[in-house]
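Notes to accompany the following structure.
Here the structure is a predicted model, which is why all the values come from computation and not from measurement.
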Amino acid sequence: MSITSFTRRGLLAAGTALTLTFGTLTGAQAQTPPGVLIVGQIAEPKSLDPAAVTAVNDFRILMNVYDGLVRYKDGTLEVEPALATDWTISEDGTEYTFTLREGVSFHDGTPFNAEAVKFNFDRMLDESHPFHDTGPFPLAFFFSSVESIDAVDDLTVKFTLSEPYAPFLSNLAYPTGLLVSPAAVEQYGADFGRNPSGTGPFKFAEWRSNEAVVIEANPDYWDGAPELQAVVFRPITDANTRTAEMLAGGIDLMVEVPPVALSEFQGEAYTLHEQAGPHVWFLILNAKEGPFADKRVRQAANYAINKEALVNDVLEGTAEVAAGPTPPAFAWAYNDDLEPYPYDPEKAKELLAEAGAEGAELTFYVTEGGSGMLDPIAMGTAIQADLNAVGFDTKIETYEWNTFLGEVNPGLEGKADMAEMAWMTNDPDTLPFLALRSDAWPDKGGFNSGYYSNPEVDELLEAARVATDQGERAELYKQMQTIVQEDAPWVFVANWKQNAVTSERVENFTLQPSFFLLLDDVVKN
């Protein structure tokens, strides 16, 4: 019996009471063969095209199907070779020349070579490329400094940048830099995201919408065949259902354990995993129109919300209060001098009165779940109560995760005053560059959904990404954080320590500071 037929017939046959996805596997665990890992994901993936997605939920699958030229070294955010065995950087920092790994093929059997690398980046960056219309590519910003990609020979590729770009190697290790089969893109076009082909440790087998994505071991993987035969990623949006499935044996690995459920996994049958990483949970405020166009009202929202209570009561102490837009996990770039906005409802009321905004009506977008969103409905409800207590009139609109992104990412104008959001990033450049610059407004392809604009912040961010000295970069980022905290384009809420739980049948699993799931060394007995 093939793994795919097992996962289809075996898992579906086990479904009984909990029918949100496959249904519970109570009593079926003994029928699940060793080597098949069942992962409880927080949502349905949007796509399996790494150039087309932005959510860590999707990245957790993609990192097992694809490789990039480089990758993050295990347990760190340091870059090491992957499909490139080594590289050189020109003295002026504008040319990166990579030597490629020999003898690697994509899962569809076509060769990996320099032309394939060129195809991947041209597809994202060149509007005249014949397959640019297979996008959009929302994180192409990561490579906006790339002027050209040249296949020097079969195993050598050169990137020429318009100027030095400090995060370049780190961005190549991010999922947006994962390399897809050009032949598969040519075959499937815009449907490539449902028919993926990479070079990674697992091959795509099947995607059953709202049920599972199944990937199977790649026995010819260049870095050694994985220990598992297959992985089944099940989308289980409701955190309580995901917890019940884990307790019932329906899943072997659960990501983003709800804080209130942590105590349920204390026994010998489970292992709880924690790992610090660069995460920030915040509220996007619509600075273009409505009450939050006034900085005093944005600051009032920061004072009004009891973030200590959110962290300690809703999140059960699994996070710390955020002081600004940069996570403290980026220790070298983090501004230790900043203190979080204190909980001060009287100060919030004073600012609202000063701005003439007492009783301001707010539309607040809340998601049911999503990458790094922790407990978003409970968080949203508590935030609503705090805001209303100081004089706002806040109304919540709740959406499923991918629908939520479809509402928020194009911008809040004409729709909402605020929205929940969480980012997990690989470099201190990433989040502010994509979500706080004036040139990152949604109509320009960015994620500045609240339309914040400050020319001084723009200048600091532009200078930081071309600075090759880390000390100089750090100082620029610290200045940026001070200005952004004062301007309050967001409510800065929490920095989370990620978690997961595995059953006693799972071995060799560790969480990564990148927040990705790397499963090629995992064993399931």
Result block: side-chain N/O donor-acceptor pairs under 3.5 angstrom for residues 137-150, not counting sequence neighbours:
residue : atom : partner : partner atom : Å
Ser144  : OG   : Phe141  : O            : 3.1
Ser144  : OG   : Arg465  : NH1          : 3.4

Exercise. Sorted by first residue and then second, give each salt bridge (charged side-chain N to carboxylate O under 4.0 Å, His left out) pair with at least one member in residues 322-338; sequence neighbours left out.
Key: none

Exercise. For residues Phe330 and Tyr477, establish whether the separation of their ring centroids is below 6.0 Å.
Key: no

Self-check item: Pairs where residues 74-87 contributes a residue and the test salt bridge (charged side-chain N to carboxylate O under 4.0 Å, His left out) is met, not counting sequence neighbours
Solution: Arg71-Glu80

Quiz item: Any sub-3.5 Å donor-acceptor pair from Gln481's side-chain atoms to Asn335's backbone N or O?
Solution: yes

Quiz item: Between the main-chain N or O of Gln498 and the side-chain N or O of His279, is there a donor-acceptor pair closer than 3.5 Å?
Solution: no

Quiz item: Is the ring centre of Phe112 less than 6.0 Å from the ring centre of Trp222?
Solution: no

Practice problem: Tell me, please, which residues at least two apart from Ser453 pass side-chain hydrogen bond (donor to acceptor under 3.5 Å, both in side chains). | Solution: Ser438

Quiz prompt | Heavy-atom closest contact (Val255 atom, Ala500 atom, distance) | solution = CA-CB, 4.3 Å

Quiz item: Do Arg473 side-chain atoms and Ala464 backbone N/O form a donor-acceptor pair below 3.5 Å?
Solution: yes

Exercise. Look only at the side chain of Asn495 and the backbone of Pro327, and say whether a donor-acceptor pair between them is shorter than 3.5 Å.
Key: no

Practice problem: Could you check Phe168 against Phe159 for ring pair (Phe, Tyr, Trp, His ring centres under 6.0 Å), going step by step and ending with a plain yes or no? | Solution: CA-CA 10 Å; Phe168 183 61; Phe159 289 76; 5.5 Å; yes

Quiz item: Which residues pass the salt bridge (Lys or Arg N to Asp or Glu O under 4.0 Å) test with Asp49, sequence neighbours left out?
Solution: Arg123

Self-check item: Ile383 side chain near Phe364 side chain, heavy-atom distance below 4.5 Å
Solution: yes

Quiz item: With Trp490, which of Trp423, Phe292, Phe282 fulfils ring-ring contact (aromatic ring centres under 6.0 Å, His included)?
Solution: Phe282

Quiz item: Charged N to carboxylate O under 4.0 angstrom, Glu346 versus Lys349?
Solution: yes

Practice problem: Taking the side chain as every heavy atom from C-beta outward, state whether Leu412 and Tyr365 have any pair of such atoms under 4.5 Å apart. | Solution: yes

Self-check item: Side-chain donor-acceptor contact under 3.5 Å, Asp153 with Thr156
Solution: yes

Quiz prompt | Considering all heavy atoms, the nearest Met124-His132 contact | solution = O-CE1, 3.2 Å

Exercise. Using atom types as modelled and distance alone, determine if a side-chain donor or acceptor of Asn448 lies under 3.5 Å from a backbone N or O of Arg437.
Key: yes

Exercise. Could you tell me whether the side chain of Gln41 and the main chain of Asn57 form a donor-acceptor pair under 3.5 Å?
Key: yes

Cut-off 3.5 Å, no hydrogens considered: what does the side-chain donor-acceptor table look like for residues 58-66, sequence neighbours left out?
residue : atom : partner : partner atom : Å
Asp58   : OD2  : Lys46   : N            : 3.0
Arg60   : NE   : Phe515  : O            : 3.4
Arg60   : NH1  : Glu256  : OE2          : 3.1
Arg60   : NH2  : Glu256  : OE2          : 3.0
Asn64   : OD1  : Leu519  : N            : 2.9
Asn64   : ND2  : Arg60   : O            : 2.8
Asn64   : ND2  : Leu517  : O            : 2.9
Tyr66   : OH   : Leu48   : O            : 2.7

Quiz item: In a check of salt bridge (Lys or Arg N to Asp or Glu O under 4.0 Å) between Glu486 and each of Arg298, Arg296, Lys295, which one passes?
Solution: Lys295

Exercise. Report yes if the side chains of Tyr399 and Val408 come closer than 4.5 Å at any heavy-atom pair, otherwise no.
Key: no

Quiz item: Between Lys497 and Glu320, is there a salt bridge with N-O shorter than 4.0 Å?
Solution: no

Self-check item: For the student: nearest non-hydrogen atoms of Trp281 and Gly372, plus distance
Solution: CD1-O, 3.5 Å

Can you list, pair by pair, the side-chain donor-acceptor contacts under 3.5 Å of residues 414-422, counting residues two or more places apart and other chains?
residue : atom : partner : partner atom : Å
Lys415  : NZ   : Glu407  : O            : 2.6
Lys415  : NZ   : Gly411  : O            : 3.0
Asp417  : OD2  : Thr363  : N            : 2.8
Glu420  : OE1  : Thr367  : N            : 3.4
Glu420  : OE2  : Gly380  : N            : 3.3

Quiz item: Does Gln275 reach the side chain of Pro513, with side-chain heavy atoms less than 4.5 Å apart?
Solution: yes

Quiz item: Backbone N or O of Pro167 within a donor-acceptor pair of the Ser170 side chain at under 3.5 Å?
Solution: no

Quiz item: Are Tyr72 and Val70 close enough that some pair of their side-chain heavy atoms sits under 4.5 Å apart?
Solution: no

Quiz item: Passes side chain to side chain contact (heavy atoms under 4.5 Å, CB included), Val311 versus Val493? Steps please.
Solution: CA-CA 8 Å; Val311 163; Val493 178; 5.7 Å; no

Practice problem: State, to 0.1 Å, how close Glu115 and Ala151 come at their nearest heavy-atom pair, and which atoms those are. | Solution: OE2-CB, 3.6 Å

Quiz item: Which residue pairs pass the salt bridge (charged side-chain N to carboxylate O under 4.0 Å, His left out) test when at least one of the two sits in residues 273-289, sequence neighbours left out?
Solution: Lys288-Glu413

Self-check item: Contacts of type salt bridge (Lys or Arg N to Asp or Glu O under 4.0 Å), residue Lys444, not counting sequence neighbours
Solution: Asp439

Quiz item: Which atom pair, heavy atoms only, marks the closest approach of Lys478 to Ala333?
Solution: CG-O, 3.7 Å

Quiz item: In terms of heavy-atom contacts, does CD of Glu102 have more than 12 from other residues, nucleotides or ligands at under 6.0 Å?
Solution: no

Practice problem: With sequence neighbours excluded, tell me which residues meet side-chain hydrogen bond (donor to acceptor under 3.5 Å, both in side chains) with Asp126. | Solution: Ser128

Quiz item: By side-chain hydrogen bond (donor to acceptor under 3.5 Å, both in side chains), which residues pair with Asp487, not counting sequence neighbours?
Solution: Tyr452, Asn454

Quiz item: Do Tyr343 and Asp386 have side-chain N/O donor and acceptor atoms under 3.5 Å apart?
Solution: no

Self-check item: Tyr303 ring center near Tyr341 ring center (under 6.0 Å)
Solution: yes

Quiz item: Are any of the side-chain heavy atoms of Leu161 and Tyr96 separated by less than 4.5 Å?
Solution: yes

Quiz item: Would you find a donor on one side and an acceptor on the other, under 3.5 Å apart, between the side chain of Gln485 and the backbone of Ala323?
Solution: yes

Quiz prompt | For Glu350, all residues meeting salt bridge (Lys or Arg N to Asp or Glu O under 4.0 Å), sequence neighbours excluded | solution = none

